[in-house]
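Single-structure report; data block below.
Throughout, numbering of the chain's residues begins at 1 and tracks the sequence.
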Amino acid sequence: MMRPEDFDFVSRLIKSKSGLVLSQDKTYLLESRLMPIARKRGLKDLTELIAALRGGDRVLVEEVVDAMTTNESFFFRDTKPFDQFRHVVLPHMIKERASKRHLRIWCAAASSGQEPYSLAMILDEFKTQLSGWRVEIIGTDISREILTKARAGLYSQFEVQRGLPIQLLVKYFQKKEDQWQISQEIRSKVQYKEFNLLDDFRPLGQFDIVYCRNVLIYFDQPTKTDVLARISALMPDDGFLFLGGAETVLGISDKFKPLARQRGIYQLNRPGAPDVDVSALEKIQAGGAAATAGAGAATGGFAFPKPKHMQNAAGGTTAGAGGGTATQPRPGPSTGTAARPATTTGTGSTGTATRPLTTGTTGTAGSTYSRPSSTGTSSTGSAGTAGSTYRRPLGTAGSTGSTPPARPSSGTGSTGTGTTRPSTTFDRSRFGKPEDKK
């Protein structure tokens with residue numbers, strides 16, 4: 001268990017080296033990240049590790065800072081920043097930089113390389129328009145180990161499944177045993193450098209486009225303000241800055257302003273910042289929304305098929321034999337053929353019943369409570385006495401008027417078109433009397 005004074009020392013050390021702010025509730029996170037380093041070095045516990053840090057072990061300090069940085073990344077993360085790059089920023093730059101034919105992009109905190117490689121794949125789509133251009137992508141990170149992985153361009157099955165479209169996997173990757181390696185052509189488009197965002201930016205040079213996504217959230221406000229000010233100093237008047245979905249410049253820096261009608265992308269707050277045409281992206285977004293609505297989408301944007309009982313090509317009705325019309329909840333022949341097997345073949349005036357029949361007794365009127373059938377006619381059962389059924393009056397026996405939708409009968413009138421519902425009469429003779437059971 002880490003002592004409070006040890007936590008304070010380590011958190012101050014990490015902030016001074018990386019800008020990362022650790023609150024007191026992150027004690028468990030700190031312990032879980034540092035224990036593997038202690039075991040690797042053969043140290044008994046965190047107390048010995050922290051003693052070595054206090055002693056000024058520079059290599060150990062690098063290992064600790066590296067362990068505490070978050071290296072979460074995946075291809076085309078959040079999608080929108082890459083749509084904005086493809087449909088807004090890149091077409092704008094190709095038009096405005098036609099005389100210079102030079103473009104520099106910086107991916108700060110590039111982690112294992114998915115972000116800069118995603119941009120490189122988009123640039124490859126524009127290779128005809130960018131013919132003769134000098135395009136540079138610089139990926140930087142504080143972690144030496146993660147940059148080694150980025151340069152290799154090797155990813156697990158899980159990593160390539162996170163955000164990477166299958167057509168791009170097939171086009172730009174090769175299988176290497178149980179991993180996937182991005183092509184040499186795409187790797188050659190990106191340069192990686194070890195770099196700390198607390199250091200001086202000027203040696204990096206000027207950048208037209210900066211991706212600094214999901215980095216500022218780990219800094220305190222003065223550090224965020226400082227980083228944004230130094231980024232702005234690297235950029236020309238018509239440059240673009242991309243931040244993460246949970247990040248903003250509002251209330252933090254006056255060096256940037258949001259691009260009109262677009263979230264997550266910013267222009268420099270200078271008189272020379274140009275008007276940018278975002279209509280192409282908006283048309284694509286509007287087209288996608290219209291296509292979703294046209295597909296009968298439910299709330300949330302997903303289209304669901306109609307239930308089967310609503311998929312009646314005939315408009316949902318079928319003519320009954322007695323001249324009436326019966327609603328048909330399930331698609332089926334309009335000739336009276338049963339949609340389900342009947343247990344009794346009671347023949348009516350034109351067809352058979354649509355649900356299983358049960359033999360019962362009949363009343364004199366032949367009219368009962370009913371559900372839809374394909375014909376609206378009843379079937380003939382065996383004659384009996386005045387057997388009771390649950391029913392709603394539909395008409396008298398032998399009449400040929402229209403009938404409401406019918407359900408199989410336990411019995412019928414003589415030739416009437418009234419359709420019936422199974423009898424509710426309980427026949428104890430089939431099961432025996434309670435006193436007969438032992």
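When atom types are taken as modelled, the side chain of Ser131 and the backbone of Thr128 share no donor-acceptor pair closer than 3.5 angstrom. Not one N or O on the side chain of Gln84 forms a donor-acceptor pair closer than 3.5 Å with the backbone of Gln262. The main-chain N or O of Ala152 is found under 3.5 Å from a side-chain atom of Gln181 such that the two form a donor-acceptor pair. At least one donor-acceptor pair closer than 3.5 Å links the side chain of Asp208 to the backbone N or O of Arg104. Here the side chain of Glu31 pairs no donor or acceptor atom with the backbone of Tyr28 at under 3.5 angstrom. Checked by atom type and distance alone, the side chain of Ser253 pairs as donor or acceptor with a backbone atom of Lys255 at under 3.5 Å. Judged by distance alone, with hydrogens and angles left aside, the side-chain atoms of Ser16 form a donor-acceptor pair with the main-chain N or O of Leu13 at under 3.5 Å. Within the 3.5 Å criterion, the main-chain N or O of Asp254 finds a donor-acceptor partner in the side chain of Asn269. A donor-acceptor pair under 3.5 Å is formed between the side chain of Thr225 and the backbone N or O of Ile252. Between the Arg187 side chain and the Ile182 main chain, a donor and an acceptor come within less than 3.5 Å of each other.
To the nearest 0.5 Å, atom CE of residue Met93 and atom CH2 of residue Trp133 are 8.5 Å apart. How far CZ of Phe256 is from OG of Ser232: 5.0 Å, rounded to the nearest 0.5 Å. Atom CG of residue Leu30 and atom CZ of residue Arg33 lie 9.5 Å apart, to the nearest 0.5 angstrom. Here His92 contributes atom NE2 and Asp275 contributes atom CG; the two are 9.5 Å apart, rounded to the nearest 0.5 Å. Here the straight-line distance linking atom CD of Glu194 with atom CG of Asp199 works out to 9.5 Å at 0.5 Å rounding. Of the inter-residue distances, the one linking Glu115 atom CD with Cys107 atom SG reads 4.5 Å to the nearest 0.5 angstrom.
The existence of a salt bridge linking Asp78 and Lys80 is excluded, since no basic side-chain nitrogen approaches an acidic carboxylate oxygen closer than 4.0 Å. With salt bridges taken as basic N to acidic carboxylate O contacts below 4.0 Å, none links Asp220 and Lys224. Taking a cutoff of 4.0 Å between a charged side-chain nitrogen and a carboxylate oxygen, Asp238 and Arg97 qualify as a salt bridge. Under 4.0 Å is where a charged nitrogen must lie from a carboxylate oxygen, and between Glu247 and Arg213 no such pair does. Ion pairing between Lys193 and Asp141 fails under the 4.0 Å rule for side-chain N and carboxylate O. Ion pairing between a basic and an acidic side chain is recognised when a charged N comes within 4.0 Å of a carboxylate O; Glu136 and Arg134 show such pairing. Between Glu63 and Arg41, at least one side-chain N (NZ, or NE/NH1/NH2) sits under 4.0 Å from a carboxylate O, which counts as a salt bridge.
The number of heavy atoms from other shown groups lying within 6.0 Å of CG (Asp25) is above 12. The number of heavy-atom neighbours closer than 6.0 Å to CD of Glu145, taken from other residues, nucleotides and ligands shown, is 12 or below. Within a 6.0 Å sphere centred on CZ of Arg263, heavy atoms belonging to other residues, nucleotides or ligands number 12 at most. Remark: Lys189 NZ is packed, more than 12 non-hydrogen atoms of other residues, nucleotides or ligands lying under 6.0 Å away.
Smallest separation of non-hydrogen atoms from Tyr117 and Ala150: OH-O, 2.7 Å. Minimum heavy-atom separation, Ala67 to Ile37: CB-CD1, 3.7 Å. For the pair Leu216 and Leu243, the tightest heavy-atom approach, listed with the atom from each and the gap, is CD1-CD2, 4.0 Å. The two residues Glu159 and Leu154 have their closest heavy-atom pair at OE1-O, 4.3 Å. The shortest heavy-atom contact between Arg86 and Leu90 is O-CB, 4.4 Å. Leu268 approaches Pro236 most closely through the heavy-atom pair CD1-O, 2.7 Å.
Residues Leu103 and Ile209 meet the side-chain proximity criterion, which asks for heavy atoms closer than 4.5 Å. Using a 4.5 Å heavy-atom cutoff, the side chains of Ile142 and Leu198 are not in contact. Between Met2 and Ile50 there is a side-chain heavy-atom pair separated by less than 4.5 Å. The shortest distance between side-chain heavy atoms of Leu34 and Val10 falls below 4.5 Å. Under the 4.5 Å side-chain criterion, counting only non-hydrogen atoms from C-beta, Ile186 is in contact with Met121. When side chains are defined from C-beta on, Val215 does not count as touching Val227, because their heavy atoms never get closer than 4.5 Å. Proximity of Ile231 to Leu234: side-chain heavy atoms (C-beta onward) are nowhere separated by under 4.5 Å. With a 4.5 Å cut-off on side-chain heavy atoms, Leu123 and Val135 count as touching.
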- Evaluate the side chain to side chain contact (heavy atoms under 4.5 Å, CB included) criterion for residues Tyr266 and Leu259: first the C-alpha distance (whole Å), next the side-chain angles of each, then the deciding distance (0.1 Å), finally the verdict. CA-CA 5 Å; Tyr266 301 85; Leu259 182 65; over 6 Å; no

- Phe219 vs Asp226, side chain to side chain contact (heavy atoms under 4.5 Å, CB included): CA-CA, chis, key distance, verdict: CA-CA 10 Å; Phe219 297 159; Asp226 176 58; over 6 Å; no

- Task: Would you please test Asp6 and Leu46 for side chain to side chain contact (heavy atoms under 4.5 Å, CB included) and show each step?
- Result: CA-CA 9 Å; Asp6 288 339; Leu46 292 181; over 6 Å; no

- Derivation of the side-chain hydrogen bond (donor to acceptor under 3.5 Å, both in side chains) call for Gln114 and Ser112: CA-CA 6 Å; Gln114 287 95 321; Ser112 47; 2.6 Å; yes

- Task: Could you go through the side chain to side chain contact (heavy atoms under 4.5 Å, CB included) check for Val88 and Asp83 one step at a time?
- Result: CA-CA 8 Å; Val88 177; Asp83 287 342; over 6 Å; no

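Of the residues Phe82, Tyr155, Trp180, the one that meets the ring-ring contact (aromatic ring centres under 6.0 Å, His included) test with Phe75 is Tyr155.
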Please list every donor-acceptor pair under 3.5 Å in which a side-chain atom of residues 163-176 meets a protein atom from a residue at least two apart or in another chain.
unit_1, atom_1, unit_2, atom_2, d
Tyr172, OH, Asp124, OD2, 2.6
Lys175, NZ, Glu177, O, 2.7

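Note: Phe195 and Trp106 have perpendicular aromatic rings, judged against thresholds of 30 and 60 degrees for the angle between ring planes.
With Phe9 as the aromatic partner, Arg54 meets the cation-pi criteria of under 6.0 angstrom to the ring centre and within 45 degrees of the ring axis. Cation-pi geometry between Arg151 and Tyr192 is not met at under 6.0 angstrom from the ring centre and within 45 degrees of the axis.
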